[in-house]
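See structure below.
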Amino acid sequence: MPDLKLTVNGIEATVLADPSTSLLSVLRKHFHLTGAKYACGEGQCGACTVMVGGEAVRSCVFPIHNVGQKYVETIEGLANSAHLHPIQQAFLDASAFQCGFCTPGMIMASVALLDRNPAPSVEEIRAGLAGNVCRCGTYSRIVKAVQSAAKAGRNA
Ligand code: FES
Ligand code: FES
């Protein structure tokens, strides 16, 4: 198996793994980053969403050889030592979760959405997060959280 270099949340590491191994598996087993979750394992639910080169990807079906030189960002890399990321804070303020299983993926998908569209309408938020499933059904609060984060970003 080849050595592969990955940069995750600003930290470069060498991983000894088959290039077809999923990014999710490498993040959880090699980097011990367990925020991204394994649920469907088929790219259908978004629980494993992380960012690769600034784009949201389903890490359960994203082989590590596709990462290349791009940086990987996970939920663990969003906050700094003093503050939550504004979207994390907005989810907290809006109580946009129950069990929290979908939350890391929802937040990473929301970060990608607001990077693409800093002032999305409710319909655009719904469409942007349509591939992320919340089994607890907290969708309306998630939309409110994203609206609030977008508004805070515009007022910053
Ligand atoms: S676990 Fe990856 S999309 Fe469901
Ligand atoms: S908060 Fe439980 S799955 Fe979304």
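Read the numbers this way: they start at 1 and go in the same order the structure lists the ligands and their atoms. Below, all heavy atoms of this structure are taken into account, side chains as well, without hydrogens, waters or symmetry copies. FYI, the numbering just counts along the sequence from 1.
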* With atoms numbered from 1 as shown, which atoms in ligand 2 lie under 4.0 angstrom from a non-hydrogen atom of Gly100? ->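 Listed by number with element, the hits are 1 (S), 2 (Fe).
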
* To do: Write down the atom of Cys48, the atom of Leu24, and the distance for their closest heavy-atom approach.
  =>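 What the structure gives for the nearest pair is CB-CD2, 3.8 Å.
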
* To do: Considering non-hydrogen atoms only, spot the tightest contact between Leu84 and Gln89 and give its length.
  => CD1-OE1, 3.5 Å

* Asked: Near atom 4 (Fe) of ligand 2, is there an N/O/S atom from Cys99 that is less than 2.8 Å away?
  -> no

* **N, O or S from Cys136 under 2.8 Å to atom 4 (Fe) of ligand 2** =>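 Coordinating: no.
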
* Could you tell me whether the side chain of Glu73 reaches within less than 4.5 Å of the side chain of Leu78, counting heavy atoms only? =>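 A side-chain contact exists here, since the closest heavy-atom pair is under 4.5 Å.
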
* Heavy-atom side-chain proximity of Lys37 to Arg28 below 4.5 angstrom ->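 When only atoms from C-beta onward are counted, Arg28 and Lys37 do touch, with a gap below 4.5 Å.
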
* **Protein residue, atom and distance nearest to atom 1 (S) of ligand 2, heavy-atom basis** =>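 Of the protein heavy atoms, Gln98 N, 3.1 Å lies nearest.
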
* Asked: Which residue supplies the protein heavy atom nearest to atom 3 (S) of ligand 2, what is that atom called, and how far is it?
  -> Arg135 N, 3.3 Å

* **Per-atom contacts, ligand 1 versus Gln44 - under 4.0 Å to a heavy atom** => 3 (S)

* Pull out every atom of ligand 1 sitting under 4.0 Å from any heavy atom of Arg58, numbered as shown with elements. =>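 Atoms satisfying the 4.0 Å criterion: 3 (S).
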
* Of the choices Cys45, Gly43, Ala39, which has the non-hydrogen atom that lies closest to atom 4 (Fe) of ligand 1? ->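 Heavy atom nearest to atom 4 (Fe) of ligand 1 belongs to Cys45.
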
* To do: Could you tell me whether Arg135 sits above the aromatic face of Phe101, with NZ or CZ closer than 6.0 angstrom to the six-membered ring centre and within 45 degrees of the axis?
  =>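 Satisfied, under 6.0 Å and within 45°.
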
* Asked: With a 4.0 Å heavy-atom cut-off (strictly under), which part of Glu42 contacts ligand 1: side chain, backbone, both or neither?
  ->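 The answer is neither; Glu42 stays 4.0 Å or more away.
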
* Asked: Looking at atom 4 (Fe) of ligand 1, is one of the N, O or S atoms of Cys40 less than 2.8 Å from it?
  ->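 Checking atom 4 (Fe) of ligand 1 against Cys40, an N, O or S atom does fall under 2.8 Å.
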
* Under 3.5 Å side-chain donor-acceptor pair for Asp93 and Ser148 -> no

* To do: Would you confirm whether Ser59, through its side chain, and Thr49, through its main-chain N or O, come within 3.5 Å as a donor-acceptor pair?
  =>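 Checked: no pair found.
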
